[in-house]
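When reading the values below, keep in mind they use all heavy atoms of this one structure, side chains included, and skip hydrogens, waters and symmetry mates. Residue numbering restarts at 1 for every chain, and letters A, B, ... go by the order of the sequence lines.
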2 protein chains.
Amino acid sequence: MAQAIPFRQAFPLKASCHQCSLSNLCLPLAIAENDLDRLEDIVQQGRIFSRGEHIFDQSAPFRSCFAVKSGSIKTSIITEGGEEQVTGFFMPGELVGLDSMSSENYACTAKALERTSVCEFPVDKLEELTGKLPDLQHHMFHLMSQEIQNSHQLAMLLSKNTAEERIAALLLSLSSRFQRRRMSPTNFSLPMARNDIANFLGLAVETVSRVFTRFQNQGIIKARGREVELLDVEALQLVTREFSRQSNP
Amino acid sequence: MAQAIPFRQAFPLKASCHQCSLSNLCLPLAIAENDLDRLEDIVQQGRIFSRGEHIFDQSAPFRSCFAVKSGSIKTSIITEGGEEQVTGFFMPGELVGLDSMSSENYACTAKALERTSVCEFPVDKLEELTGKLPDLQHHMFHLMSQEIQNSHQLAMLLSKNTAEERIAALLLSLSSRFQRRRMSPTNFSLPMARNDIANFLGLAVETVSRVFTRFQNQGIIKARGREVELLDVEALQLVTREFSRQSNP
DNA sequence: CGAGGGGTTGAGACTCGTCAAGTGACGTGG
DNA sequence: CCACGTCACTTGACGAGTCTCAACCCCTCG
């Protein structure tokens, strides 16, 4: 990983949405080939953050959205009481900061979970561009409403489901997101700590730990630290009740 | 109320965002006076739904967003297992359907909680218009990101807070939304049933009921059925931990 | 080598869901 | 007019799931 950085920087920073392997997940998805240059004009590519660094901070003036290029990011809200609430994990190809587009300031803090590179989209320029490119505007609406739906799904998970169901759902979500990037959907390493998982899912760390070992004893997964292998995906899906409609009546 | 309907319908349906008392909460907010006509061109105003009627249904083709003019709406998702999850309550001046802008179909079902009138914004025309009016586009981004934030707040409430805290938060949210409309913030009638509250907050109906009576015994609220009076707003805020930062250190 | 963080495991306490019964308001039909 | 069913809501008793507290292990890093 490390040796790639000077290499990338040796190239001109622009003109590389074209070659980016994530362009089918990211903003360029929506854009005709000949408009891609206009998007590239406004993007600042290839900024690198090391593990634990903040991409942006809650209440700082809102300037940009960020697309994850490699690595991963967690976003969280700090409440008035000082508690942290993790609101999401972002993997390569996903866009961070959409929840802040309403306000002058960032609505949450974004932190790199590992060495992470991002592309930066300054909002003023982005909004200007979306006004000119209807497809891009449509795509932005699409992404934002997707974010709302995700959050609703999360709320549902938190309000109705047991610890096992929540964790199964998270594992499956991660699995499908790895798959989108053509990586193994059954064999991956969690970018986040147990603590973050617990916080995100509204559980205690101990509960997360217990469920992991329970799944392991049942032969559904294999887990050593952050290395996870999904042994029985269907069993996981059963746990999330995805299939319960068929056995209900 | 009832006699207003034929009266309104006697007028031409257009040209009334100008007079609408909610225009400072709704989409017109963002728009210069002389552009308002263009918004009005695409709006279908004054559709009425009676209690229990569906404004739109999950999985039906997505056509329009709706602004609540009077009355109130609840949105909910039906899971594969057939359970309902209430995702939001919408009061006059608020926009319903933003979570569906990603897909071909509505992401949830919207149901009138009482006799409710709405204005309809067909999305194709709306998107076309936002492409031409940067302020309107900005406002749409604003509303959508607000919706994301709301949903994150909800997720936080569901994952970290007790039954009392959730209900206090809901009461305060409703209170401030009544106040926005220049109605009493301490004396209002809940548009939704206990059942909906419970579902929305991830609780059992019985728990909601118990908390209501507990608050009543503590002299914080007075509640008879859906009629609610907030007797001690500060106590409610204390319950939600909004102020706990000051007493923490 | 010790310190410290992340993760696991166990025991007890507590919140909340479930089950069950009961109340009051409302509308229907005899 | 009253009996009745229905529906929304309330109240109580009990039990399950999860949190808290505490100890412990393992690994990394200084």
Side-chain angles (χ1 to χ4, degrees), chain A residues 50-52 74 81 83-86 111 113-114 156-171 189-218 221-229 239-241, chain B residues 50-52 74 81 83-86 111 113-114 156-171 189-218 221-229 239-241:
Chain A
S50 47
R51 178 190 165 129
K74 87 167 179 198
E83 311 160 74
E84 178 181 19
Q85 162 74 18
V86 176
K111 195 172 176 178
L113 289 169
E114 53 195 317
M156 199 150 82
L157 206 62
L158 294 174
S159 75
K160 298 235 177 316
N161 295 15
T162 66
E164 299 200 350
E165 289 160 349
R166 298 182 206 183
I167 289 174
L170 177 63
L171 288 175
S189 111
L190 300 171
M192 73 294 279
R194 296 281 187 281
N195 217 335
D196 293 326
I197 297 180
N199 189 309
F200 179 63
L201 295 178
L203 299 169
V205 199
E206 296 91 330
T207 307
V208 175
S209 195
R210 275 185 258 269
V211 172
F212 266 85
T213 55
R214 214 176 303 161
F215 280 167
Q216 196 153 227
N217 293 338
Q218 293 167 1
I221 67 170
K222 205 164 90 185
R224 286 189 67 81
R226 299 196 179 179
E227 295 302 320
V228 174
E229 184 176 357
V239 173
T240 63
R241 293 186 176 157
Chain B
S50 48
R51 177 191 164 129
K74 86 166 181 200
E83 310 160 74
E84 178 181 19
Q85 161 74 18
V86 176
K111 195 172 176 179
L113 289 169
E114 53 195 318
M156 198 150 81
L157 206 63
L158 294 174
S159 75
K160 297 236 177 315
N161 295 17
T162 66
E164 298 200 350
E165 290 161 348
R166 299 182 206 183
I167 289 174
L170 177 63
L171 288 175
S189 115
L190 301 171
M192 74 294 279
R194 296 282 187 281
N195 218 333
D196 294 325
I197 297 180
N199 189 310
F200 179 63
L201 295 178
L203 299 169
V205 199
E206 296 90 330
T207 306
V208 175
S209 195
R210 275 186 258 268
V211 172
F212 266 85
T213 56
R214 215 176 303 161
F215 280 168
Q216 196 153 225
N217 293 339
Q218 293 168 1
I221 67 170
K222 206 165 91 182
R224 284 188 69 80
R226 300 197 179 178
E227 294 302 320
V228 174
E229 184 177 356
V239 173
T240 63
R241 293 186 176 160

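Within the 4.0 Å cut-off from OP1 or OP2 of C:dT9, at least one side-chain nitrogen or oxygen of A:Thr213 is found.
Residues B:Leu157 and B:Glu165 are not in side-chain contact: their nearest non-hydrogen atoms beyond the backbone lie 4.5 Å or more apart.
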Only distances under 3.5 Å count here; give the side-chain donor-acceptor pairs of residues 200-213 of chain A to other protein atoms, sequence neighbours excluded, each with its distance to 0.1 Å.
from     : atom 1 : to       : atom 2 : distance (Å)
A:Thr213 : OG1    : A:Ser209 : O      : 3.4
A:Thr213 : OG1    : A:Arg210 : O      : 2.7

Exercise. For nucleotides 14-28 of chain C, just jot down a letter per nucleotide in 5' to 3' order: B, S or -, based on protein non-hydrogen atoms under 4.0 Å.
Key: --SSBBB--------

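Legend: residues meeting salt bridge (charged side-chain N to carboxylate O under 4.0 Å, His left out) with A:Glu229, ordered by chain and number and at least two apart, are A:Lys222. Here B:Arg214 pairs with B:Glu164 under the salt bridge (charged side-chain N to carboxylate O under 4.0 Å, His left out) rule; sequence neighbours left out. Not counting sequence neighbours, the partners of B:Glu84 by the side chain to side chain contact (heavy atoms under 4.5 Å, CB included) test are B:Lys74, B:Ser76, B:Ile78, B:Val86, B:Asn199.
Straight-line distance from the CZ atom of A:Arg226 to the C1' atom of C:dG5: 11 Å, rounded to whole Å. Put simply, CD1 on A:Ile167 is 13 Å from C1' on C:dG7, counting in whole angstrom units.
Mapping heavy-atom proximity under 4.0 Å, the span of DNA chain D touched by chain B runs 5' to 3' from D:dC9 to D:dA13.
The structure places CG of A:Asp196 at 11.0 Å from CZ of A:Arg194, a figure rounded to the nearest 0.5 Å. Taken to the nearest 0.5 Å, the CD1 atom of B:Ile197 stands 13.5 Å off from the CZ atom of B:Arg166. Here the straight-line distance linking atom CZ of A:Arg51 with atom NZ of A:Lys111 works out to 9.0 Å at 0.5 Å rounding.
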